[in-house]
Amino acid sequence: MEQKCKKCLLLEAGEKAAFKTVSDYLETVDRALFADDNTRKQRLEICRDCDYLISGICLKCGCYVEIRAALKDKSCSYDKW
C-alpha cells in the first residue's frame, strides 16, 4: 500500500487530480497577479514547515497553499509570510 505524505504540497501528497485542478486554475489567472518565482518558492517552503499544512491544504483557512503562495496580493492566515 502506498503511503501518502500528509505534511506536503499536493503533488508530493499524491493528490494528482487536485494538483491538476489547481494548475488549470492558475493558468487562467492574469500573470500580472502572480508573485515572482522566488517569493512563491519562499512562501511554499514556509508552508511546508507549518503544522497546519495537510496534503496541500491550509487547515487555518482551507486554501490550497499553492494558489495562495502564487498570488502576490495574498498572505498567510498566520502572518508567517
Side-chain angles (χ1 to χ4, degrees):
M1 176 185 236
E2 180 183 335
Q3 186 171 1
K4 293 184 178 181
C5 177
K6 292 295 182 200
K7 196 169 182 243
C8 295
L9 301 177
L10 287 171
L11 201 54
E12 298 161 346
E15 302 292 338
K16 293 176 185 171
F19 179 78
K20 177 157 177 27
T21 299
V22 166
S23 296
D24 289 348
Y25 168 74
L26 287 173
E27 286 180 19
T28 69
V29 175
D30 183 349
R31 301 312 270 176
L33 300 176
F34 277 68
D36 63 79
D37 284 342
N38 207 25
T39 299
R40 183 186 58 80
K41 288 176 187 177
Q42 287 175 341
R43 289 173 172 183
L44 290 175
E45 284 304 313
I46 292 167
C47 289
R48 278 190 175 108
D49 289 335
C50 182
D51 291 335
Y52 294 99
L53 175 67
I54 300 293
S55 298
I57 297 172
C58 174
L59 294 180
K60 171 71 175 177
C61 68
C63 78
Y64 286 114
V65 297
E66 283 134 320
I67 292 175
R68 186 175 291 270
L71 301 173
K72 66 181 170 185
D73 69 335
K74 299 296 181 190
S75 61
C76 171
S77 295
Y78 281 110
D79 295 324
K80 291 185 177 188
W81 51 261

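We're numbering straight along the sequence, starting at 1.
Residues Val29 and Tyr64 share a single hydrophobic cluster, defined by chaining ILVMFWY side chains whose heavy atoms lie under 4.5 Å apart. Using a 4.5 Å cut-off between side-chain heavy atoms of Ile, Leu, Val, Met, Phe, Trp and Tyr, with links allowed through other members, Val22 and Leu33 fall into the same hydrophobic cluster. A continuous path of ILVMFWY side-chain contacts below 4.5 Å connects Leu26 to Leu10, so both sit in one hydrophobic cluster. There is no path of hydrophobic side-chain contacts, each under 4.5 Å, that joins Tyr25 to Val65.
The SG atom of Cys8 lies 12.0 Å from the CG atom of Leu44; values are rounded to the nearest 0.5 Å. Between Lys20 atom NZ and Glu15 atom CD the span is 15.5 Å, to the nearest 0.5 Å. Atoms CD1 and CG, from Ile57 and Leu9 in turn, are 11.5 Å apart once rounded to the nearest 0.5 Å.
Nearest approach of Leu53 to Cys47, heavy atoms of both residues: CD2-O, 3.3 Å. Of all heavy-atom pairs spanning Ser77 and Cys61, the tightest one is OG-CB, 3.2 Å.
Heavy-atom neighbours of Phe34 CZ from other residues, nucleotides or ligands within 6.0 Å: above the threshold of 12.
Taking the charged nitrogens against the carboxylate oxygens, Arg48 and Glu12 do have a contact shorter than 4.0 Å, which makes a salt bridge. Using a 4.0 Å cut-off between charged nitrogen and carboxylate oxygen, Asp37 and Lys41 do not count as a salt-bridge pair.
Both tests hold for Lys60 against Tyr78: distance to the six-membered ring centre under 6.0 Å, angle to the ring axis within 45°.
For the pair Phe19/Glu66, a side-chain contact is recorded, criterion being any heavy-atom separation below 4.5 Å from C-beta on.
Under a 3.5 Å cut-off, the side chain of Arg43 and the backbone N or O of Leu71 do form a donor-acceptor pair. A donor-acceptor pair under 3.5 Å is formed between the side chain of Arg68 and the backbone N or O of Ser75.
A side-chain N or O of Asp36 and one of Thr39 form a donor-acceptor pair less than 3.5 Å apart.
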